[in-house]
Amino acid sequence: MTPTPAARIADLRRQLEDANYRYHVLDEPSIPDAEYDRLLRALDELEAAHPELVTADSPTQRVGNAPAGKFAEVRHAIPMLSLGNAFSDEEVQDFVRRIADKLKRPALRFSAEPKLDGLAISLRYENGAFVQGATRGDGATGEDVTLNLRTIKAIPLALRGTGWPAVLEVRGEVYMPRADFEKYNEHARKHGGKVLANPRNGAAGSLRQLDPRITAQRPLAFFAYGTGLVEGGELPDSHSATLKQLRGWGFPVSSLSDVVEGVDGLLGYYQRIGEARDGLPFDIDGVVYKLDDGEGQREMGFVSRAPRWAIAHKFPAQEQMTVLESIEVNVGRTGAVTPWALMQPVHVGGVTVTRATLHNADQVARLDVRNGDTVIVRRAGDVIPEVVGVVPERRPAGTVPWQMPTQCPVCGSEIVREEGEAVWRCSGELTCPAQRKESIIHFASRRAMDIEGLGERFVEDLSDLDFVQNVADLYKLTVDDLLEMKRRVDERDGTTPLALTKSGVKAGKVATKWAENLIEAIDRSRQTTLERFLFGLGIQHVGESTAKALAQWFGDLQLIRRLPWPLFKRVPDIGGEVARSLGHFLDQPGNQQAIDDLLARGVVIGDTHPPSGKLRATLDLATLLVDLEIPKVTRVRAEQLASAFPSVQALLDAPVHNFVTAGLPSDSANAFAAWLEDEANAQLLSRSGAALDDLLQLTPEEIASATGPLDGKTVVLTGGLAAMSRDEAGEKLEALGAKVAGSVSKKTHLVVAGEAAGSKLAKAQELGIEIWDEAQLLAFLEKHA
DNA sequence: GATCCTCGAGTTCA
DNA sequence: CTCGAGGATC
């Protein structure tokens with residue numbers, strides 16, 4: 001008797017799932033790939049003939065074919081935590097000691113496993129069926145990538161065995177095995193497909209494909225390493241037993257997982273895995289230790305967003321050797337000429353590196369790197385490549401030490417160095433195209449005017465083709481200008497313009513949309529704040545925080561524009577150098593013209609307000625005289641002068657001997673008189689006096705800004721927050737009166753530590769500073785909203 | 001004048 | 001993230 005179609009379908013499915021399980025979970029392939037494909041085709045044909053028998057968990061149903069518009073957000077029922085990091089044996093010892101102290105148990109068992117360099121995900125099973133999968137996202141909310149995850153054969157669509165909870169969330173890592181990654185790229189190179197940068201990015205990029213059919217072609221794999229929500233059932237009360245159970249239910253679990261005891265066990269494991277690292281079929285960046293028993297885990301609990309019972313022990317930053325082809329230089333926004341190394345491509349920590357900064361001429365001299373040297377490259381903080389040193393034995397004969405060029409490679413102006421400074425600068429200022437370009441990029445950047453879509457590449461073209469000479473020109477641009485620019489860029493590069501490859505009106509329309517969007521983004525940026533505007537101007541020494549202070553103290557661009565530089569020193573943290581730099585900028589007619597142009601072309605500063613009340617308190621003649629930095633006129637002398645003369649005008653009119661009668665010793669009096677003889681100084685004093693009077697005229701309607709619960713407190717934010725960005729949190733804290741600083745010192749009153757907080761948190765602990773986790777911060781903000 | 005904090009500026013790759 | 005240097009403080 002022939003079996004019914006339903007029975008044959010069930011049989012094929014069982015065979016296929018079994019083959020999957022043996023291949024991915026047990027790592028013991030049971031049937032050849034060709035046989036697997038044959039069974040799958042047979043099943044597909046049967047199901048096509050009997051559509052009523054198709055179920056969601058059938059092996060044929062892994063690849064959906066309805067590309068979704070975008071990913072939905074998924075809120076994790078239990079947040080996906082991150083782990084604390086250890087980089088040294090000492091830190092591992094500390095970790096173990098903390099647990100031993102708290103649990104009062106000498107012998108501790110740990111579950112240890114390799115830390116895969118992939119993408120963390122969460123899989124949700126209801127009644128044994130895979131229903132949803134999400135990326136980690138920020139830990140609290142991820143993206144729904146269910147359709148893509150279904151295409152990964154290592155992820156079971158239905159749980160095997162019995163006894164699983166009604167709801168089970170499994171956490172693990174999606175990764176791309178090295179060999180498959182190589183094979184995939186080889187194929188892609190031959191057939192003109194997309195070549196992936198490295199396995200990690202390959203895995204991340206594949207999961208974020210909107211079309212699951214593309215994901216299905218990527219060689220992705222999966223390892224489970226933990227669980228999230230569990231309802232209607234129970235898991236074993238130790239990590240190692242849980243992993244074993246997950247394996248039984250059909251999840252691949254790393255066979256390198258092990259249970260070890262005490263610090264020695266952990267360090268031994270670290271060593272073993274470190275030695276095996278290069279031979280492993282996948283990339284890892286360390287190992288993870290977890291306290292094995294559930295009771296101990298619960299007792300240890302969590303610190304901010306990481307468990308106190310687990311830690312990631314990272315391998316040291318990878319170093320590689322390569323050959324330095326040449327030392328080139330870059331010209332920055334301020335004219336700073338920085339050397340960088342152009343090297344033969346080398347793989348370091350997962351990416352191919354060809355360039356690395358050399359910081360400045362002193363650094364090059366310290367390292368004595370020369371063209372043709374074999375150098376050692378490291379990725380500092382696992383991101384930015386740096387040259388750590390040279391291999392002297394490999395130096396070719398006849399090399400000479402590198403020297404800073406004498407002329408700017410872009411504009412030909414002389415490159416000069418200020419006495420005692422480390423940086424060399426191109427003296428071309430705004431005549432140098434490189435400086436102009438960089439200043440426009442800065443102006444458009446997110447933290448300044450935030451012109452969306454106006455990135456480096458664009459500004460480069462706009463600037464090279466002379467569509468934009470300065471920041472004000474951005475607000476003259478039209479859609480037609482942009483299209484014309486694009487046309488000329490295409491012509492220059494010999495690329496075929498998109499509009500010509502397709503015929504008809506439609507293609508033309510598609511090709512103008514970007515220009516319209518960009519013009520719109522430029523338009524949106526017209527509405528801005530004083531802080532952003534000042535920062536955007538790119539004045540030397542005026543960064544974000546100085547711009548913010550200036551905005552708060554003076555409140556009005558027009559006021560700032562006409563103040564002489566000594567008055568800027570009234571603002572806390574602004575001294576002579578910064579004040580002079582700002583004054584110098586405002587003294588340039590070209591800069592004032594550019595500001596006028598910006599305002600004339602519709603830039604609106606929305607938050608103009610009267611000067612801060614704190615400013616008034618510091619406005620007196622004596623302070624002004626000190627701020628003018630007159631030789632031999634100290635605080636004491638300035639006060640004598642201020643009490644003897646009613647006004648600046650009186651000072652200007654007075655003969656020298658009047659300074660003496662005011663009580664000044666003759667050398668001070670003479671120095672002051674000599675200083676005044678310089679017309680520029682006399683004018684500066686006169687202008688400053690007028691500005692002082694001007695400010696004192698202001699009605700005292702503006703008192704020091706309202707007080708908040710954090711008035712006078714210095715707060716430092718570190719690590720990532722789930723509910724908001726660090727910037728947002730900073731703004732909220734500032735609104736409550738706090739000063740938000742960037743680094744921890746003994747002046748810090750409070751540190752807010754988010755997830756994966758690093759050295760700053762450690763320093764805060766060391767200094768005994770109050771530390772909040774995100775929950776405490778949120779509660780506080782809530783209370784004082 | 002020395003010392004300690006902070007801020008500014010530049011940086012890589014996808 | 002890192003270096004250098006400006007500002008505040010003693």
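Every chain is numbered from 1 and lettered A, B, ... according to where its sequence line falls, protein lines coming before strand lines. Every heavy atom of this structure was used, including side-chain atoms; hydrogens, water molecules and symmetry mates were not.
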Integer-rounded Å distance: [N] [atom2] and [X] [atom1]:
X      : N      : atom1 : atom2 : answer
A:I574 : B:dC5  : CD1   : P     : 22 Å
A:E456 : B:dT11 : CD    : P     : 10 Å
A:R425 : B:dG10 : CZ    : P     : 7 Å
A:L582 : C:dG7  : CG    : P     : 12 Å
A:L358 : B:dT12 : CG    : C1'   : 13 Å
A:E438 : B:dG10 : CD    : P     : 8 Å
A:L342 : B:dT11 : CG    : P     : 15 Å
A:I539 : B:dG8  : CD1   : P     : 12 Å

Counting heavy atoms from C-beta on, name the nucleotide in [options] closest to the side chain of [X].
X      : options               : value
A:V578 : C:dG7, B:dC13, B:dC7  : C:dG7
A:D573 : B:dC13, C:dG7, C:dG4  : C:dG7
A:A422 : C:dA5, B:dA9, B:dC7   : C:dA5
A:S545 : B:dC7, B:dG10, B:dT12 : B:dC7
A:E577 : C:dG7, B:dC7, B:dA9   : C:dG7
A:V353 : B:dA9, C:dG4, B:dC13  : B:dC13

Side-chain donor-acceptor contact under 3.5 Å, A:R436 with A:S463: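 Looking only at side-chain atoms, A:S463 and A:R436 do not form any donor-acceptor pair under 3.5 Å.
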Have a look at A:Q363 and say if it touches a base, only the backbone sugar-phosphate, or nothing, with a 4.0 Å heavy-atom cut-off.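 Counting heavy atoms under 4.0 Å across all strands, no contact is made by A:Q363.
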Is A:G576 touching bases, backbone alone, or none of the nucleic acid, heavy atoms closer than 4.0 Å?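 Since only primed, P, OP1 and OP2 atoms lie under 4.0 Å of A:G576, the category is sugar-phosphate.
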Indicate whether OP1 or OP2 belonging to [N] is found under 4.0 Å from a side-chain N or O atom of [X].
X      : N      : result
A:N360 : C:dG4  : yes
A:R355 : B:dT11 : no
A:T334 : B:dA9  : no
A:T546 : B:dG8  : yes
A:T357 : C:dT2  : no

Would you name the heavy atoms of A:T322 and A:P345 that are closest together and state the gap between them?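 Minimum heavy-atom separation between A:T322 and A:P345: OG1-O, 4.4 Å.
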For the pair A:D464 and A:K437, find out whether any cationic side-chain nitrogen is under 4.0 Å from an anionic carboxylate oxygen.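 Yes, charged N to carboxylate O under 4.0 Å.
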Could you tell me whether a side-chain N or O of A:T623 sits under 3.5 Å from a main-chain N or O of A:L619, the two making a donor and an acceptor?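 A pair under 3.5 Å: no.
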Can a donor-acceptor pair be found, under 3.5 Å and without considering hydrogens, that links the side chain of A:Q435 to the backbone of A:C426?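 Indeed, once roles are kept as given, a pair shorter than 3.5 Å links the two residues.
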Parallel, tilted or perpendicular for A:F443 and A:F533, by the 30°/60° rule?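 Taking A:F533 first and then A:F443, their aromatic rings stand perpendicular (interplane angle over 60°).
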Among residues 321-332 of chain A, which residues get a heavy atom nearer than 4.0 Å to DNA chain B?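 Nucleic-acid contacts, sorted: A:N330, A:G332.
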Nearest-0.5 Å distance that lies between atom OG in A:S206 and atom CD1 in A:I152: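 Answer for the OG-CD1 pair, A:S206 versus A:I152, is 8.5 Å.
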Using the closest heavy atom to pick a nucleotide of DNA chain B for each, name whichever of A:R333 or A:T354 lands nearer the 5' end.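 Nearer the 5' end of the strand: A:R333.
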Does A:R580 qualify as a cation-pi partner of A:W565, given the criterion of NZ or CZ under 6.0 Å from the six-membered ring centre and within 45 degrees of its axis?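 Checked: cation-pi criterion met.
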